[in-house]
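Heads up, the thing below is written out as structure tokens.
Just so we're clear, the structure is a prediction, and the values are computed from it rather than from any experiment. Protein chains get the first letters and strands the later ones, always in sequence-line order, with residue 1 at the start of each.
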There are 2 protein chains.
Amino acid sequence: MVGQIIRCDSCAVRHRSVCSALTRPEIERLNGMAHAKLLPPGAVIMRDNEKSSYFANIISGVVKLTKSLGDGRQQIVGLQFASDFLGRPFRANSPYNAEAVTDVHLCTFETQQFEKLAKEFQDLEHRLFEHTLDELDAAQEWMLLLGRKSAEEKVASFLVMVARRMQSVGCHAAGHVTRFELPLSRAEIADFLGLTIETVSRQFTRLKNDGHIAIEGARTVVVQDMDRLRNISESVDG
Amino acid sequence: MVGQIIRCDSCAVRHRSVCSALTRPEIERLNGMAHAKLLPPGAVIMRDNEKSSYFANIISGVVKLTKSLGDGRQQIVGLQFASDFLGRPFRANSPYNAEAVTDVHLCTFETQQFEKLAKEFQDLEHRLFEHTLDELDAAQEWMLLLGRKSAEEKVASFLVMVARRMQSVGCHAAGHVTRFELPLSRAEIADFLGLTIETVSRQFTRLKNDGHIAIEGARTVVVQDMDRLRNISESVDG
DNA sequence: GCCTGTTGTTGATCAAAATCAACGTCGCGT
DNA sequence: ACGCGACGTTGATTTTGATCAACAACAGGC
């Protein structure tokens, strides 16, 4: 689905997305630029090294950002959830592929219009900057994981991360989300953690056998003790 | 050495650093805020999770950004060269340790003063944004390396990257720098590539034996064929 | 229902890199 | 010159995770 006009007033991510930087009259302007898109899993949103004609806020769903080597080896370099912003402002080409992992609702903006708006309203550019800083933090945190953590620590870290993101996406006031659905397949988790499918699967059963998690039908995870899992993910004792 | 006043006019990185966003009168303001620092190898510039009281431009030398696990495992999450900017604007705490790798000349600015300036002169904030986007690109490129490349590909990638950065730091008009000094020890290279010292050493001798590089006294590398090395780093054929 | 393709698990074996260990080299202080 | 410590290389062995292979669970099409 493409091109449907959006009402920012009723937007689910109005106060968490980059749009939160805008005041009433500014939002009106943005409103006129916004178009909704609904994408199925697997839909390609941006392609590495190619120009993208639009930016987007994720209204709902999960998007993976990937990079590949010539022979097909793939690495997920970012996971984006509801309220996250897609696209590299002020860059001609996308530095990665972006692909819908679940059904994804996007609110898209034509590149030039949006960059013009960002130049006009400094708060909007500042908000984009903040989002980029968050992405950088996440990337560097993940570098530590990819370079130095064991398979078990990687899988535990992944679960902790997903639980945290699911929490902020949902509307859970306090405490941890302990039961959640994984947005990624085993193959995608492997591409995220720099492992193989088989190793990911084995670490899941290990965590299950050790009583740290329960698994319901491959995609649903119940974390018994989030702090314990976090300890495993950082190799505190154990 | 701390606190010496700097003259921006004669600054070696005046036109490549974030300062290039500023015009004559603005630079004058910045001039009044700048203090020089000369740090020896090993000097700690920022500490993970701690507040830093200043930002800095690197005038010369190399700075490593590291993150560690509780048990001492370490990962270099960024390497910064001359003209690069140090410090996370609009963030309370540093997300990594920053440490001088060589002798390092810094041009430092007090945090609050500098952020105020960035708010006033939008071009400066924009330039900081651009630098952050570059850092993010580098981080995600490195995630692909850490997650999916073999030891040989990692070391080749490292050499290609250092050659490129050395080139932009020096004043080489065109063509590749093929002979350069490594700024990092074997241990630091290992921490950058997610390998052990021994594996790094073995891959160096392998690249040497295969005739791709020559090594002079451990720290100086001569690349025979940069394109061939780049191919190895991305696993094109062979 | 049944067939088929996709996804996930488990086991056996293999290989790449880690670990353990010894030794060489260089620079520095005395 | 000598000895020491840091750094780097090389070899032997072990370990972790990859690869190869078989099969189970499940969903969708007909």
Throw together a table of side-chain donor-acceptor distances under 3.5 angstrom for residues 62-75 of chain A, partners on residues two or more places apart or in other chains.
| unit_1 | atom_1 | unit_2 | atom_2 | d |
| --- | --- | --- | --- | --- |
| A:K64 | NZ | A:E188 | OE2 | 3.0 |
| A:T66 | OG1 | A:N97 | ND2 | 3.3 |
| A:K67 | NZ | A:P95 | O | 3.1 |
| A:K67 | NZ | B:E141 | OE1 | 3.1 |
| A:S68 | OG | A:Q74 | NE2 | 3.4 |
| A:D71 | OD1 | A:R73 | N | 3.3 |
| A:D71 | OD1 | A:R73 | NE | 3.2 |
| A:D71 | OD2 | A:R73 | NE | 3.1 |
| A:D71 | OD2 | A:R73 | NH2 | 3.1 |
| A:R73 | NH1 | B:R148 | O | 2.9 |
| A:R73 | NH1 | B:E153 | OE1 | 2.9 |
| A:R73 | NH2 | B:E153 | OE2 | 2.9 |
| A:R73 | NH2 | B:S235 | OG | 3.4 |
| A:Q75 | NE2 | A:D191 | O | 3.1 |
| A:Q75 | NE2 | A:F192 | O | 3.0 |

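Nucleotide C:dG8 holds its P atom 10 Å from the CG atom of A:L184, rounded to whole Å. The CG-C1' distance, from B:L193 to C:dA18, rounds to 15 Å in whole Å.
A:R88 and A:Y96 form a side-chain donor-acceptor contact under 3.5 Å, judged by distance and modelled atom types alone.
The listed nucleotides are D:dG8, C:dT9, C:dA17; the one nearest the side chain of A:I197 is C:dT9.
If you check residues 199-211 of chain A against DNA chain C, the residues with a heavy atom closer than 4.0 Å are A:S201, A:R202, A:T205, listed by number.
Within 4.0 Å of A:T196, counting heavy atoms only, lies at least one base atom of the nucleic acid.
Aromatic pair A:F109/A:Y54: ring centres not closer than 6.0 Å.
Between A:A218 and A:R148, it is A:A218 whose nearest contact on DNA chain C lies nearer the 5' terminus. Mapped onto DNA chain D by nearest heavy atom, A:E152 and B:I215 fall at different nucleotides, with B:I215 at the one closer to the 5' end.
For the pair A:R219 and A:F180, the cation does not sit on the ring face, since its NZ or CZ is not both under 6.0 Å from the ring centre and inside 45° of the axis.
The shortest distance between the side-chain N/O atoms of B:R219 and the OP1/OP2 oxygens of D:dG8 is below 4.0 Å.
Put simply, the side chain of A:E198 and the base of D:dC20 share a donor and an acceptor less than 3.5 Å apart.
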Could you list all N or O pairs between the protein and nucleotides 27-29 of chain D that sit under 3.5 Å apart?
none

